[in-house]
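The structure appears right after this line, and notes come after that.
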Amino acid sequence: MKLLSKLILTIVLLMSLALNMAYSSESDNNTALRFVVLGDAEPKPEAKFPNMADAIADINQLIPSLELELAIGVGDIAHKGTMLQYEQATPILQALNLPFYPIMGNEEHGSSTERFLSFANMWNQGKTTIDSTRYTLEFDSVALVLASPDFGRDFNDDGIVWLKNELARLAPKPVLLVVHGAQQGVFKENPDKGISHPGFVKEVISQPNVRAVISGDLHMDMPRVNHSLEVNGVHYIHIPALERTKIPDESHHQAMYRVFSVMQEGTVVVDTYQTGSLEPLADYQYRFKL
């Protein structure tokens, strides 16, 4: 009986090792780009960011093994855009050992774009320069188009024109579009919240090279929502909030962030990590093709 137990344990360990080696092989040899995305913070009532600090500490440990190249923020770091929240968040974000590319959310629009850009560059400490609230990161196999809302969580006509022209310029290269909130109706948990400008669907999302929309805003609890889905050929990936959950209610919160791996053959693997663990949560992995 003891021999059988030892044999079973050995088989389990070998299978685990094989899976880890396969994952490592996929990570090391076939990855064209890997980046991490941080969700909303904007804590209240106090300007404290313990979960963001924990996430950044974990990410710094993962950088060598995952070969992470950059980090993205989907907006709403500073609640109401207050100077206090910006100042409290700054040393935490400066501890991140990656270039950090944030966009504004509706909370940052509680203040000014000038304040946001000033702090965005402080966070990067010279790793990169951010001089616009809309910009593109272009790589060999994919482009990341990061577009802050023009007001609240929505776009004006100029923003839609910029997005349409940028997608046309990049075509046929596939694009992952980073916005604060997806358009209204995508996430059924709160269908009335999001981008309402009709041009976003008719002129932006309809472009054939848009493969995915990466967004936050809703503060959804990953275990209790549909966090990753496909609508009309476009994949919508929700980034959970770091400091607090709102949907479906505020009773349960787990600080999580997501890592995107763009593989050489065109698959994008989205893994989800909970703070305090350096292993992805298998139940929340999502895959799609560029």
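V270 is not listed as a side-chain neighbour of Y284, based on a closest heavy-atom distance of 4.5 Å or more. Considering only heavy atoms from C-beta on, L290 comes within 4.5 Å of L176 through its side chain. Side chains of S141 and L33 form no contact here, defined as non-hydrogen atoms less than 4.5 Å apart. Counting heavy atoms from C-beta outward, I195 and Q184 have side chains that stay 4.5 Å or more apart. Residues V145 and V178 form no side-chain contact, since every pair of their non-hydrogen atoms from C-beta on lies 4.5 Å or further apart. A 4.5 Å side-chain heavy-atom check between N106 and F151 finds every atom pair outside the cut-off.
Clustering ILVMFWY residues whenever any of their side-chain heavy atoms sit less than 4.5 angstrom apart, transitively, puts I72 in the very cluster that holds L38. Side-chain heavy atoms closer than 4.5 Å link hydrophobic residues (I, L, V, M, F, W, Y) into clusters, and following such links, possibly through other members, connects M220 to V179. Linking Ile, Leu, Val, Met, Phe, Trp and Tyr whenever their side-chain heavy atoms come within less than 4.5 Å leaves M256 and L68 in two separate clusters. L218 and V231 fall within a single hydrophobic cluster, where Ile, Leu, Val, Met, Phe, Trp and Tyr side chains are chained together by heavy-atom contacts under 4.5 Å. Residue V204 is not grouped with residue V161 when hydrophobic side chains (ILVMFWY) are merged at heavy-atom distances under 4.5 angstrom, including chains of intermediate members.
The environment of K193 atom NZ is dense: over 12 non-hydrogen atoms of other residues, nucleotides or ligands sit within 6.0 angstrom. Enclosure of atom CG in N232 is not indicated, since only 12 or fewer non-hydrogen atoms of other residues, nucleotides or ligands lie within 6.0 angstrom. The local environment of NZ in K289 is crowded, with over 12 non-hydrogen atoms from other residues, nucleotides or ligands closer than 6.0 Å.
In the model, Q88 has no side-chain atom that pairs as donor or acceptor with a side-chain atom of T90 under 3.5 Å. For the residue pair R287 and S261, no side-chain donor N or O sits within less than 3.5 Å of a side-chain acceptor on the partner.
Q94 places a side-chain N or O within donor-acceptor distance of the main-chain N or O of M122, the cut-off being under 3.5 Å. In this structure, D249 contributes its side chain and S251 its backbone to a donor-acceptor pair below 3.5 Å. Checking side-chain atoms of H109 against main-chain N and O of P149 turns up a donor-acceptor pair under 3.5 Å. Proximity of a side-chain donor or acceptor of N190 to a complementary backbone N or O of I247 within less than 3.5 Å is not detected. Listed for the D221 side chain is no donor-acceptor partner under 3.5 Å among the backbone atoms of R224. Remark: the backbone N or O of F35 is not paired with any side-chain donor or acceptor of E69 at under 3.5 angstrom. Judged by distance alone, the side chain of D58 and the main-chain N or O of G276 form a donor-acceptor pair under 3.5 Å. Of the possible donor and acceptor atoms, one in the side chain of R115 sits under 3.5 Å from a partner among the backbone N and O of G81. S277 contributes no side-chain N or O that, together with a main-chain N or O of Q274, makes up a donor-acceptor pair within less than 3.5 Å. Side-chain N or O atoms of D40 include none that pairs as donor or acceptor with a backbone N or O of I77 at under 3.5 Å.
Ring orientation note: the planes of Y101 and Y135 are tilted relative to one another, at an angle of 30° to 60°.
Proximity of the aromatic rings of H197 and F155 is defined here by a centroid distance below 6.0 angstrom, and this criterion is not met.
Note: H253 NE2 to L242 CG = 7.0 Å, rounded to the nearest 0.5 Å. Atom CH2 of W162 is separated from atom CG of N156 by 13.0 Å, given to the nearest 0.5 angstrom. Between the CD1 atom of I237 and the CG atom of L229 there is a distance of 7.5 Å, given to the nearest 0.5 Å. A distance of 8.5 Å separates OG1 of T136 from CG of L144, quoted to the nearest 0.5 Å. Interatomic distance, H79 NE2 to L84 CG, rounded to the nearest 0.5 Å: 11.0 Å. Between atom CG of residue L70 and atom OG1 of residue T128 there is a gap of 9.5 Å, rounded to the nearest 0.5 Å.
R211 and P174 get closest at one heavy-atom pair: CG-CB, 3.7 Å. Smallest separation of non-hydrogen atoms from F288 and A212: CZ-CB, 3.7 Å. Nearest heavy-atom pair, P223 versus Q254, reported as atom, atom and distance to 0.1 Å: CG-OE1, 3.7 Å. Nearest heavy atoms, F116 versus P102: CZ-O, 3.7 Å. Taking both residues in full, the closest heavy atoms of T133 and S148 are given as O-OG, 2.8 Å, listed atom of the first, atom of the second, then distance. Looking at every heavy atom in both residues, M263 comes nearest to T31 through CE-OG1, 3.5 Å.
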Does E138 form a side chain to side chain contact (heavy atoms under 4.5 Å, CB included) with R169? I'd like the steps, not just the answer.
CA-CA 11 Å; E138 192 168 353; R169 180 186 71 81; 3.7 Å; yes

Dump the intermediate steps for side chain to side chain contact (heavy atoms under 4.5 Å, CB included) on E108 and E42, then the final yes or no.
CA-CA 9 Å; E108 282 84 6; E42 53 117 0; over 6 Å; no

Under the side chain to side chain contact (heavy atoms under 4.5 Å, CB included) criterion, do V213 and I205 qualify, and how do the steps go?
CA-CA 9 Å; V213 175; I205 299 302; 3.6 Å; yes

Assess whether side chain to side chain donor-acceptor pair (under 3.5 Å) is satisfied between D271 and Q285, documenting all intermediate values.
CA-CA 5 Å; D271 282 311; Q285 189 183 86; 2.8 Å; yes

Could you walk me through whether E203 and K164 satisfy the salt bridge (Lys or Arg N to Asp or Glu O under 4.0 Å) test, starting with their C-alpha distance in whole Å, then the side-chain angles of each, then the deciding distance to 0.1 Å, before giving a yes or no?
CA-CA 6 Å; E203 302 178 53; K164 182 180 178 181; 3.7 Å; yes

Residue pair N124, N121: steps toward the side chain to side chain contact (heavy atoms under 4.5 Å, CB included) verdict
CA-CA 5 Å; N124 267 297; N121 284 289; 5.5 Å; no

Salt bridge (Lys or Arg N to Asp or Glu O under 4.0 Å) between R134 and D150, intermediate numbers included
CA-CA 10 Å; R134 309 183 199 118; D150 295 308; 2.7 Å; yes

Is there a salt bridge (Lys or Arg N to Asp or Glu O under 4.0 Å) between R153 and D217? Walk through the geometry before answering.
CA-CA 8 Å; R153 54 182 56 86; D217 186 34; 2.8 Å; yes

Intermediate values then yes/no, salt bridge (Lys or Arg N to Asp or Glu O under 4.0 Å), D140 and K173
CA-CA 9 Å; D140 289 341; K173 179 171 286 188; 5.7 Å; no

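For A71, the side chain to side chain contact (heavy atoms under 4.5 Å, CB included) test picks out V36, L96, L98, F100, with sequence neighbours left out.
The one candidate from E230, H227, H238 that meets the side-chain contact (heavy atoms from CB on, under 4.5 Å) condition with Y286 is E230.
A salt bridge is absent between K48 and E243; no separation between the charged side-chain nitrogens and carboxylate oxygens falls under 4.0 Å.
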